[in-house]
S.K.: 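For reference, the structure I am asking about is given below.
Throughout, protein chains are lettered first and strands after them, A, B, ... in sequence-line order, and every chain is numbered starting at 1.
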Amino acid sequence: MEIPSKYNPANSEDKWYSYWLKNGFFHSEPDNRESYTIVIPPPNVTGVLHMGHMLNNTIQDVLVRRARMKGLNACWVPGTDHASIATEAKVVQKLKSEGKSKTDMTREEFLGHAWDWTEKHGGIILEQLKKLGASCDWERTKFTMDKDLSQSVIETFVDLHNKGLVYRGVRMVNWDPSAQTALSDEEVIHKDEHSKLYYLKYIVEDTKEVIFVATTRPETILGDSALCVNPNDPRYTHLKGKRVIVPIVGRSIPIIHDDYVDIEFGTGALKVTPAHDINDYMLGQKYNLEVIDIFNDNGTINDKVGMYVGVDRFDLRKQIAIDLQEAGLMEKIEDYDNKVGISERTGVAIEPKLSMQWFLKMEELSKPALEAVMNDDVALYPSKFKNTYKHWMENIKDWCVSRQLWWGQQIPAYYLPNGGFVVATTPEEALVLAKEKTGNDSLTIDDLRQDEDVLDTWFSSWLWPISVFDGISNPNNKEIEYYYPTNDLVTGPDILFFWVARMIVAGYEYRGEKPFSNVYLTGIVRDAQHRKMSKSLGNSPDPLDLIAKYGADSIRVAMLLCASAGNDILWDETLPEQGRNFSNKIWNAFRLVKNWEVSETIEQPLSSKISIDWFDSLLSKSIKEMSADLDNYRISESLMQLYRLFWDEFSGWYLEMIKPSYQKPIDKATYDATVEFFEKLLKLLHPFMPFITEEIWHFLGERKEGESIMIELLPEVTEIKEPLLTEIEQSKEIITAIRNIRKSKNIANKDSVELKIKGGKLTAESESVILKIANVSSVEVVTKDVAGASSFIVKGIEFYVPLGDNLNVEEELLKMKTELEYTQGFLKSVLKKLSNERFVNSAPAKVVEIERTKQADAEEKINILNDQITKLSNI
RNA sequence: GGGAGCAUAGCUCAGCUGGUUCAGAGCAUCUGCCUUACAAGCAGAGGGUCAGGGGUUCGAAUCCCUUUGUUCCCACCA
């Protein structure tokens with residue numbers, strides 16, 4: 001069989017993914033094994049895969065595949081989120097492009113379009129995940145709007161209402177004029193903005209006196225209902241009880257005195273607009289001021305004041321500035337930097353607005369969730385997020401859960417004909433409650449009007465780890481009891497509050513137990529210039545293109561190598577190249593082993609015997625280290641450990657040590673051991689690089705249909721022989737020294753050299769390895785000096801490579817003198833420490849002992865070097 | 001405005017409770033090599049007063065204080 005020298009991922013990836021699917025390796029059913037569960041952070045149903053998903057899902061797949069190979073019953077539940085506001089916005093936009101408008105449709109018509117859209121685009125992202133190699137249990141794919149999941153949401157709302165935790169009321173909320181819905185505080189992003197500070201003139205009624213008021217939002221003068229100054233501000237004390245005229249509007253409003261106003265800021269006078277600012281609203285309540293709501297839901301001016309009707313809020317700001325100036329009521333305009341609340345979903349400026357909404361009381365609910373994280377029942381990785389979490393949970397506010405949208409779970413509240421409402425899971429139940437409440441037995445379902453609003457998307461996703469196993473409606477079912485609590489959650493820190501915190505809350509409220517034990521928070525994928533990846537910058541590569549170009553394994557390696565825990569990922573295209581090169585390295589090691597001719601009759605060389613023994617120990621040691629890393633979610637480090645083990649130790653050293661001469665067969669014992677090592681390495685690599693490892697594993701041995709590396713068990717740790725590891729490290733040092741001599745003297749590898757040893761000896765095993773790798777023809781222990789030789793010292797033993805006339809005495813002397821100087825300097829620093837009485841007395845005996853050994857070693861080396869220099873100088 | 005984190009080779013990061021090699025890795029760089037698995041490779045090399053300053057200690061990249069820079073979270077200063 002001719003194997004190409006380059007690995008081609010295209011030949012194996014789809015093939016093996018189909019094979020895994022066909023054999024049902026991803027599917028999990030409860031059994032008597034221990035479970036290992038991950039629920040996917042459900043991507044938006046209409047989303048497409050981006051680099052963030054790649055990172056996130058690669059990490060999840062590594063964890064799941066590893067758990068599976070540890071013999072656990074691994075279950076990774078995939079699914080998508082209906083993403084209420086985002087999806088609705090997309091559908092509205094699509095309809096608009098077709099000349100249709102949501103406002104012209106009934107709710108049912110609109111939802112019809114939304115479901116069409118979902119069916120058309122939904123699940124694309126899940127198909128893309130398959131290209132990455134994600135081993136999700138696709139038979140369990142869920143959607144947050146599936147019937148049973150929606151049912152869970154409704155039941156939860158009703159339950160929380162019955163517990164008295166849900167209330168309805170008029171509050172100042174964050175209004176998104178584009179989506180025309182309320183948002184929760186978490187959905188508002190505060191952004192720095194260069195804006196203007198306008199100084200307006202308010203004239204005191206019946207006088208000529210002018211009060212200057214600084215504002216960033218001059219358009220809100222339409223809604224002014226008072227002017228507020230600090231009672232301790234001497235500039236304004238004489239104005240107590242007076243009124244001022246709102247510029248342009250001409251309305252007379254009172255002057256109120258409250259120490260909320262900062263004397264230092266602006267002019268010390270504040271215009272109060274209770275309908276459009278949270279602070280002004282509070283002042284309004286305190287002083288019983290009129291609330292004048294001047295905006296329509298879409299951000300244009302309504303007809304309340306009778307001016308500028310229908311003008312957009314930002315157009316009005318410009319217009320009113322002009323009008324104020326023309327009327328002589330504007331003192332000046334200054335540049336000003338402030339923060340503006342932006343809708344997380346639509347990107348438009350938030351308008352604080354009074355409206356009737358549904359809220360969930362969070363204070364009591366959040367207590368167990370706070371404690372769980374504080375005592376590491378739910379462990380966050382990296383743990384620095386504990387602080388952030390704590391701060392948020394301790395200052396948690398009620399959650400506005402209603403959204404003025406159609407796409408989502410409609411709030412199960414039913415209004416009664418003569419006021420009041422009931423909350424129930426079905427209209428039928430609502431009717432029963434309504435009859436009880438009103439005492440009116442003649443009510444019918446048609447008399448009840450269901451609330452128009454839907455619930456916040458996160459009100460469904462906070463149940464995700466429970467609802468995917470139907471644990472809300474059906475709390476004692478076999479699945480939820482087996483898979484819950486889940487093990488690991490992998491997600492971005494940007495949704496720590498939106499989602500993670502709330503899932504923990506829901507977990508304790510509905511299962512009395514945490515939803516997961518560990519939360520791995522990934523970094524953000526950025527480009528090499530540290531810029532966030534975004535469509536508009538065009539710096540975000542298409543993951544599918546990358547997979548097509550480099551192969552999924554290479555992309556996975558690339559993502560993981562740069563993803564040290566908690567740090568942002570700086571992506572550039574040398575990373576997948578590194579992944580590809582590594583794939584190729586593995587492939588070529590496979591080619592080497594595969595092409596050997598195995599002989600049952602030839603004897604196993606001593607060098608092979610010790611090499612096998614050595615690598616066996618090294619492998620065990622590495623397994624231990626990389627497992628410890630993985631257990632602590634140091635995924636990048638564990639992969640790097642494996643990378644070096646395979647590349648440097650296995651390919652660079654081990655294979656060279658046991659490799660038969662050109663076109664010679666290999667003995668069976670060595671061959672078998674090597675194949676076994678290779679298989680173990682493949683198994684360790686499999687969670688990171690599932691495709692290439694499966695491909696090679698299948699060709700490395702005889703495999704039957706239905707066998708797969710992904711369901712094999714990870715290799716066990718055997719005895720770690722430390723002395724052997726040291727011995728081989730020493731041999732490597734000797735080999736490297738010989739290579740250096742070869743290099744400086746231009747001695748080709750094919751020309752053998754002799755090696756003389758003085759002042760010690762090597763074991764037969766070490767010697768055999770050195771003979772083989774360094775192409776040494778003979779090793780001889782001598783007691784006399786070796787003339788005409790280049791020398792080096794390893795662990796107090798002198799080594800000589802005879803060079804005859806080729807030796808450059810000057811050069812050799814220089815080399816020795818440099819080393820002597822270095823060693824003397826080293827000795828000096830050691831002696832300095834040891835001559836310090838306080839060090840010798842205070843430091844632990846072990847540390848002092850080490851220093852003494854260093855001293856002895858250095859002195860020995862200096863003696864040898866001095867000796868060698870003297871002799872060489874006398875030639 | 002409040003809080004948290006980070007600052008170690010050109011780049012990205014390790015360095016666990018202060019003490020085994022006068023600071024490690026990967027990538028990049030430089031120098032040799034198309035050596036019969038692999039040039040997507042092999043053999044080597046260079047590169048850091050551990051952000052600045054102070055302190056604790058026999059001993060500090062590691063602990064404390066401080067300055068500077070940087071990132072993030074929270075917050076109702078018009």
Side-chain angles (χ1 to χ4, degrees), chain A residues 3 5-7 172 185 190 197 213-217 220 228 260-262 264-273 277-282 336 338-339 352 382 384-392 395 493-494 496-497 524 528 530 554 561-562 564 566-570 572 574-575 577-596 628 632 634 636-637 640-641 643-644 651-652 655-656 659 661-663 736 739-740 742-744 746 748-750 822 825-826 828-830 833 836-844 846-851 853-854 857:
Chain A
I3 310 170
S5 68
K6 300 276 186 280
Y7 169 63
M172 187 66 83
D185 291 342
H190 296 275
L197 196 58
V213 177
T215 179
T216 52
R217 303 197 56 192
T220 60
C228 188
Y260 164 74
V261 177
D262 180 356
E264 303 297 318
F265 189 87
T267 62
L270 172 74
K271 62 193 260 333
V272 183
T273 319
D277 184 281
I278 180 73
N279 300 302
D280 292 12
Y281 178 66
M282 288 190 248
Y336 185 68
N338 69 339
K339 295 222 176 185
K384 66 177 178 186
F385 287 107
K386 269 171 89 168
N387 284 328
T388 320
Y389 181 88
K390 179 170 183 247
H391 186 256
W392 191 75
N395 296 286
D494 49 332
L496 184 60
F497 306 136
I524 295 165
H530 295 228
S554 302
L561 281 179
C562 63
S564 55
N567 289 317
D568 283 353
I569 284 72
L570 301 182
D572 76 291
T574 61
L575 288 163
E577 276 175 30
Q578 198 184 343
R580 181 199 57 189
N581 294 355
F582 186 42
S583 300
N584 211 46
K585 187 73 193 173
I586 301 169
W587 185 251
N588 276 297
F590 161 63
R591 278 177 70 213
L592 175 70
V593 172
K594 190 65 192 168
N595 286 329
W596 280 332
N632 288 297
R634 297 161 59 106
S636 185
E637 281 84 349
M640 185 46 74
Q641 174 93 14
Y643 178 93
R644 297 217 306 265
S651 298
L655 288 178
E656 293 299 329
K659 190 162 130 181
S661 317
Y662 184 52
Q663 291 192 332
T736 301
R739 278 174 178 164
N740 277 328
R742 277 181 182 282
K743 187 158 183 167
S744 68
N746 277 321
N749 277 333
K750 60 175 190 272
Y822 172 86
F826 176 66
K828 210 173 139 189
S829 75
V830 173
K833 261 193 195 176
N836 182 344
E837 236 175 82
R838 294 207 287 174
F839 167 73
V840 180
N841 293 337
S842 334
K846 206 176 113 195
V847 175
V848 178
E849 193 47 47
I850 286 162
E851 291 302 314
T853 312
K854 273 153 81 175
D857 288 352

S.K.: Which value, in whole Å, describes the distance between the C1' atoms of nucleotides B:rA7 and B:rC50?
M.R.: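 B:rA7 and B:rC50 have their C1' atoms separated by 10 Å.
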
S.K.: Rounded to whole Å, how long is the line connecting atom OH of A:Y7 with atom P of B:rG41?
M.R.: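 Rounded to whole Å, this separation is 17 Å.
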
S.K.: I need the minimum non-hydrogen distance between A:L655 and A:A589, along with the two atoms involved.
M.R.: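 Residues A:L655 and A:A589, closest heavy atoms: CD1-CB, 4.0 Å.
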
S.K.: Within the structure, does a side-chain N or O atom of A:R742 lie under 4.0 Å from either OP1 or OP2 of B:rA43?
M.R.: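 No, outside the criterion.
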
S.K.: May I have the distance from A:R580 (atom CZ) to B:rA39 (atom C1'), rounded to whole angstrom?
M.R.: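 The distance from CZ of A:R580 to C1' of B:rA39 comes to 12 Å, rounded to the nearest Å.
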
S.K.: Verify the distance criterion only: is there a donor paired with an acceptor across the side chains of A:N588 and A:R591 at less than 3.5 Å?
M.R.: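 The criterion, which ignores hydrogens and geometry beyond distance, is satisfied for A:R591 and A:N588.
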
S.K.: Which residues satisfy the ring-ring contact (aromatic ring centres under 6.0 Å, His included) test with A:Y281, sequence neighbours excluded?
M.R.: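 Expected list: none.
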
S.K.: Quickly work out the A:R644 CZ to B:rC13 P distance and round it to whole Å.
M.R.: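 For the pair A:R644 CZ and B:rC13 P, the rounded distance is 18 Å.
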
S.K.: Listed by chain and number, what are the salt bridge (Lys or Arg N to Asp or Glu O under 4.0 Å) partners of A:K585, not counting sequence neighbours?
M.R.: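 A:K585 satisfies salt bridge (Lys or Arg N to Asp or Glu O under 4.0 Å) with no other residue.
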
S.K.: Using atom C1' of each nucleotide, how far apart are B:rG59 and B:rU20 to the nearest Å?
M.R.: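 B:rG59 and B:rU20 have their C1' atoms separated by 14 Å.
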
S.K.: Which nucleotide sits closest to the side chain of A:N749: B:rA39, B:rA25, B:rU35?
M.R.: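 Ranking B:rA39, B:rA25, B:rU35 by closest atom to the A:N749 side chain puts B:rU35 first.
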
S.K.: Select base, sugar-phosphate, or nothing to describe what A:Q641 touches, counting heavy atoms under 4.0 Å on all strands.
M.R.: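 Nothing: the residue A:Q641, judged by heavy atoms under 4.0 Å, touches no strand.
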
S.K.: Give one of base, sugar-phosphate or nothing for A:K846, where a contact means two heavy atoms less than 4.0 Å apart.
M.R.: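 If one applies the 4.0 Å heavy-atom cut-off, A:K846 turns out to touch nothing in the nucleic acid.
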
S.K.: Hey, could you give me the CZ/CE distance between A:R634 and A:M640, rounded to the nearest 0.5 Å?
M.R.: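 A:R634 atom CZ to A:M640 atom CE measures 13.0 Å (nearest 0.5 Å).
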
S.K.: Please state the C1' separation for the pair B:rA75 and B:rG3 - nearest whole angstrom.
M.R.: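 After rounding to an integer number of Å, I get 10 Å for this pair.
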
S.K.: May I have the distance from A:N387 (atom CG) to B:rC6 (atom C1'), rounded to whole angstrom?
M.R.: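 Rounding to the nearest Å, CG of A:N387 and C1' of B:rC6 are 14 Å apart.
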
S.K.: In which stems does RNA chain B show up, taking only runs of three or more Watson-Crick or G-U wobble pairs whose two distances fall under 3.5 Å?
M.R.: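 Looking at RNA chain B, the stems formed by three or more consecutive pairs are B:1-7 with B:68-74, B:10-13 with B:24-27, B:29-33 with B:41-45, B:51-55 with B:63-67.
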
S.K.: Are any of A:N581's side-chain N or O atoms less than 4.0 Å away from OP1 or OP2 of B:rG41?
M.R.: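 Answer is yes, contact under 4.0 Å.
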
S.K.: Without decimals, in angstroms, what is the distance between A:L592 CG and B:rU35 P?
M.R.: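 About 16 Å, once rounded to whole Å.
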
S.K.: Name all residues meeting the salt bridge (Lys or Arg N to Asp or Glu O under 4.0 Å) criterion together with A:E656; count only those two or more places apart in sequence or in a different chain, and write none if there are none.
M.R.: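 A:E656 satisfies salt bridge (Lys or Arg N to Asp or Glu O under 4.0 Å) with A:K659 only.
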
S.K.: Please give, in whole Å, the distance from B:rC16 P to A:R634 CZ?
M.R.: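 About 9 Å, once rounded to whole Å.
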
S.K.: Would you say A:H530 reaches B:rC11's phosphate, i.e. side-chain N/O to OP1/OP2 under 4.0 Å?
M.R.: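 Looking at the OP1 and OP2 atoms of B:rC11, neither is under 4.0 Å from any side-chain N or O of A:H530.
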
S.K.: What is the distance from CZ of A:R591 to C1' of B:rG41, rounded to the nearest Å?
M.R.: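 Value for this atom pair: 12 Å.
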
S.K.: Could you measure between the two P atoms, the one in B:rA23 and the one in B:rA4, and give it in whole Å?
M.R.: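 Their P atoms lie roughly 33 Å apart.
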
S.K.: With A:R742, which residues qualify under salt bridge (Lys or Arg N to Asp or Glu O under 4.0 Å), at least two apart?
M.R.: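 So A:R742 forms no salt bridge (Lys or Arg N to Asp or Glu O under 4.0 Å) with any residue.
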
S.K.: With rounding to whole Å, what would you report as the distance between B:rC58 and B:rA14 at their P atoms?
M.R.: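 Here B:rC58 and B:rA14 have their P atoms 32 Å from each other.
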
S.K.: Working note: A:H530 + A:D568, criterion side-chain contact (heavy atoms from CB on, under 4.5 Å); need CA distance, chi angles, decisive distance, verdict.
M.R.: CA-CA 9 Å; A:H530 295 228; A:D568 283 353; over 6 Å; no

S.K.: Could you tell me how far B:rG52 sits from B:rG69 if I compare only their P atoms? Round to whole Å.
M.R.: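 Here B:rG69 and B:rG52 have their P atoms 15 Å from each other.
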
S.K.: Counting only side-chain nitrogens and oxygens, does A:K854 get under 4.0 Å of the OP1 or OP2 atom of B:rU21?
M.R.: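 Result: yes.
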
S.K.: Quick one, A:W587 with A:I3, criterion side-chain contact (heavy atoms from CB on, under 4.5 Å). Give me CA distance, side-chain angles, the key distance, then yes/no.
M.R.: CA-CA 9 Å; A:W587 185 251; A:I3 310 170; 3.4 Å; yes

S.K.: Rounded off to whole Å, could you give me the CG-to-P distance for the A:D572 and B:rC13 pair?
M.R.: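 After rounding, the gap between these two atoms is 12 Å.
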
S.K.: Output the single nucleotide from B:rA37, B:rU21, B:rG44 whose closest atom is nearest the side chain of A:F826.
M.R.: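 The answer is B:rU21.
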
S.K.: Tell me every residue that passes side chain to side chain contact (heavy atoms under 4.5 Å, CB included) with A:K390, counting only those two or more places apart in sequence or in another chain.
M.R.: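 So A:K390 forms a side chain to side chain contact (heavy atoms under 4.5 Å, CB included) with A:L370, A:M374, A:E394.
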
S.K.: Between atom OH of A:Y260 and atom CE of A:M282, what is the distance when rounded to the nearest 0.5 Å?
M.R.: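 Going from OH on A:Y260 over to CE on A:M282, the span is 7.5 Å.
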
S.K.: Give, for atom NZ of A:K339 and atom OG1 of A:T216, the distance between the pair rounded to the nearest 0.5 Å.
M.R.: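 Rounded to the nearest 0.5 Å, the NZ-OG1 separation comes out at 14.5 Å.
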
S.K.: Quick one: list whatever passes ring-ring contact (aromatic ring centres under 6.0 Å, His included) with A:W392, sequence neighbours left out.
M.R.: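 For A:W392 the ring-ring contact (aromatic ring centres under 6.0 Å, His included) partners, ignoring immediate neighbours, are A:F497.
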
S.K.: Atom pairs under 3.5 Å, N or O on each side, protein against nucleotides 27-34 of chain B: can you list them with distances?
M.R.:
{"residue": "B:rC27", "atom": "OP1", "partner": "A:Y643", "partner atom": "OH", "Å": "3.3"}

S.K.: In whole Å, what separates the C1' atom of B:rC72 from that of B:rC77?
M.R.: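 One C1' to the other, the span is 23 Å.
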
S.K.: Where do A:F590 and A:V593 land on the side-chain contact (heavy atoms from CB on, under 4.5 Å) test, with the steps shown first?
M.R.: CA-CA 5 Å; A:F590 161 63; A:V593 172; 5.8 Å; no

S.K.: Would you mind building the protein contact string for nucleotides 72-78 of chain B? One character per nucleotide, 5' to 3', B for base within reach (heavy atoms under 4.0 Å), S for sugar-phosphate only, - for untouched.
M.R.: -SSBBBB

S.K.: Determine the Euclidean distance between corresponding C1' atoms of B:rA60 and B:rG18; express it in Å to zero decimal places.
M.R.: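 My reading of the C1' atoms in B:rG18 and B:rA60 gives 6 Å.
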
S.K.: Taking salt bridge (Lys or Arg N to Asp or Glu O under 4.0 Å) as the definition, give me every residue that meets it alongside A:K743, ordered by chain and number, with sequence neighbours left out.
M.R.: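 If we apply the salt bridge (Lys or Arg N to Asp or Glu O under 4.0 Å) test to A:K743, skipping adjacent residues, there are no hits.
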
S.K.: Output one letter per nucleotide in nucleotides 56-65 of chain B: B when a protein non-hydrogen atom lies under 4.0 Å from the base, S when only the sugar-phosphate is that close, - when neither is.
M.R.: --B-------

S.K.: So, using ring-ring contact (aromatic ring centres under 6.0 Å, His included) as the criterion, who are the partners of A:Y389 when residues are at least two apart?
M.R.: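 If we apply the ring-ring contact (aromatic ring centres under 6.0 Å, His included) test to A:Y389, skipping adjacent residues, there are no hits.
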
S.K.: Would you mind classifying the nucleic acid contact of A:T736 as base, sugar-phosphate or nothing, using non-hydrogen atoms under 4.0 angstrom?
M.R.: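 If one applies the 4.0 Å heavy-atom cut-off, A:T736 turns out to touch the sugar-phosphate alone, with no base involved.
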
